[in-house]
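Letters go in sequence order (proteins before strands), and every chain restarts at 1.
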Protein chains: 2
Amino acid sequence: MRIGRAAEQALLETSTIRFYESAGVLPEPVRSDAGYRVYDEPDIELMRFVRRLRALGLPLDDIREIVHLRDSGVAPCQPVRDAIAREAEAVDDRMAELARLRGELRSLQKRMDSIVDQWPQVCVCHVIEDTKVRKRS
Amino acid sequence: MRIGRAAEQALLETSTIRFYESAGVLPEPVRSDAGYRVYDEPDIELMRFVRRLRALGLPLDDIREIVHLRDSGVAPCQPVRDAIAREAEAVDDRMAELARLRGELRSLQKRMDSIVDQWPQVCVCHVIEDTKVRKRS
DNA sequence: CCTTGACCTTCGAGTGACTCGAAGGTTTAT
DNA sequence: ATAAACCTTCGAGTCACTCGAAGGTCAAGG
């Protein structure tokens, strides 16, 4: 499959795939006679893996190392092992944080809806003012 | 108060405050005789407000508009509502991603542990060294 | 009074992770 | 056969900072 379809499958943009390749995060793929990049299912899997690591907020430098580790079978140095362990532990925290943010956003939405219902014309943004004062400071 | 203390109070970096000012998100502050930026409590409140909107993931363009609207006494409801709604949806997606990623990272950890168990003393880490050498030096 | 060090100034450049556009070649559907 | 959709590279642009150089200001200690 060519880059457009691959991007669709991996939920990345074609430009991002090319960028990851140029950054050494993804390997150089096979090319068709016309010079088009050609990918197969394992390639797509790798792209999805990288996308998930990025969604976590890992920098590309770290992802490059992790990807190399993943498909090289070479024993990782202790510092890298530690770094990855820390990162794995941090996922729980980030999930909790995200859950909190989600709740905050949802209740913010609800309050804004009800305020707009009450004062459709005026719509002075009480919610934001409120939030400003009330939130974790 | 000058920019250093303001940054401390608002939980922003001094460079970020100056950047926000140059981007038209924060207004130009009063200056001391020496030309130092001088802020008061309402200024700090505004900085905190901007910081929270950024933490929700809003782009500076949106925040600038919201801040201007807020200052001019007009309700920023619709822009804020739209932005919050978009962000809330994005958070749901990110949480699902994070859950899958968590499992993947944990299994990567296990794999690394077993590799180290198999070759406890080898640990040559070619890939990492390679990567480090190739890095911009 | 002088120096030291912390703080401030501007401006220009750098960073990370994309993202876009131009100029051109290829494939596919009608 | 031709139009539309897809691909190529390369260089430049974007966003939100972040840093460094070169210099001005100010309070405390010797």
Side-chain angles (χ1 to χ4, degrees), chain A residues 1-40 43-44 46-67 87, chain B residues 1-40 43-44 46-67 83 86-87 90 94 97 131 134-137:
Chain A
M1 117 190 41
R2 295 181 315 200
I3 199 170
R5 183 129 178 68
E8 215 172 279
Q9 301 275 312
L11 303 181
L12 290 172
E13 301 237 350
T14 58
S15 55
T16 306
I17 293 174
R18 279 188 287 253
F19 170 72
Y20 284 171
E21 183 190 325
S22 80
V25 171
L26 295 176
E28 296 192 6
V30 172
R31 299 289 186 128
S32 75
D33 286 359
Y36 287 9
R37 288 169 179 81
V38 172
Y39 302 98
D40 60 3
D43 292 330
I44 307 305
L46 180 55
M47 289 178 197
R48 288 200 265 251
F49 179 67
V50 169
R51 176 172 52 74
R52 261 174 258 126
L53 290 177
R54 273 299 297 142
L56 222 198
L58 295 208
L60 286 189
D61 280 1
D62 290 5
I63 296 177
R64 180 170 36 237
E65 282 188 14
I66 290 168
V67 165
E87 210 51 67
Chain B
M1 126 191 29
R2 294 180 314 196
I3 199 169
R5 185 130 177 64
E8 216 172 276
Q9 300 275 314
L11 303 181
L12 290 172
E13 301 234 352
T14 58
S15 56
T16 306
I17 294 174
R18 278 188 286 253
F19 170 71
Y20 283 172
E21 183 189 325
S22 80
V25 171
L26 295 176
E28 296 191 6
V30 172
R31 298 289 185 128
S32 74
D33 286 359
Y36 288 8
R37 287 169 180 81
V38 173
Y39 301 99
D40 60 4
D43 293 330
I44 307 305
L46 179 55
M47 289 178 196
R48 288 200 265 250
F49 177 66
V50 169
R51 177 174 53 75
R52 272 193 303 273
L53 289 180
R54 272 298 296 143
L56 290 179
L58 302 207
L60 284 190
D61 280 2
D62 290 6
I63 297 177
R64 178 172 38 238
E65 236 174 79
I66 290 165
V67 167
R86 277 198 305 277
E87 191 58 23
R94 252 185 278 161
E97 281 297 301
T131 311
R134 261 204 310 277
K135 257 185 196 167
R136 228 187 355 273
S137 52

Original post:
OP1 or OP2 of D/dT9 sitting under 4.0 Å from any side-chain N/O of A/R31?
Top reply: yes
**OP:** Would you mind reading off the distance between B/E13 atom CD and D/dT18 atom P, rounded to a whole angstrom?
**Re:** 6 Å
Subject >> Any residue of residues 18-29 of chain A with a heavy atom less than 4.0 Å from an atom of DNA chain D >> reply: A/R18
**OP:** Send over the distance from B/L12 CG to D/dT18 P, rounded to a whole Å.
**Re:** 10 Å
Subject >> Distance, nearest 0.5 Å, that separates OH of B/Y20 from CE of B/M47 >> reply: 11.0 Å
Original post:
Can any side-chain N or O of A/R48 pair as donor or acceptor with the backbone N or O of A/Q9 at less than 3.5 Å?
Top reply: yes
**OP:** Send over the distance from A/M1 CE to D/dC6 P, rounded to a whole Å.
**Re:** 15 Å
Original post:
Going from CD1 on B/I63 to CZ on B/F49, what distance comes out if it is rounded to the nearest 0.5 angstrom?
Top reply: 8.5 Å
Original post:
Between D/dC7, C/dT19, C/dA17, which nucleotide gets closest to the side-chain atoms of A/R54?
Top reply: C/dA17
Original post:
Between C/dA17 and A/T16, is there an OP1 or OP2 to side-chain N/O distance shorter than 4.0 Å?
Top reply: no
Original post:
With distance as the sole test, does B/R37 use its side chain to make a donor-acceptor pair with the main-chain N or O of B/R2 at under 3.5 Å?
Top reply: no
Subject >> Side-chain ion pair, B/E8 and B/R5, N-O less than 4.0 Å >> reply: yes
Please enumerate all protein N or O atoms sitting under 3.5 Å from an N or O of nucleotides 26-30 of chain C, with distances to 0.1 Å.
{"residue": "C/dT26", "atom": "O4'", "partner": "A/Y36", "partner atom": "OH", "Å": "2.8"}

**OP:** In whole angstrom, give the distance that lies between atom CG of B/L60 and atom P of D/dT18.
**Re:** 12 Å
**OP:** Respond yes when some side-chain nitrogen or oxygen of B/R37 is under 4.0 Å from OP1 or OP2 of C/dT9, and no when none is.
**Re:** yes
Original post:
Does a side-chain heavy-atom distance below 4.5 Å link B/P29 with B/D40?
Top reply: no
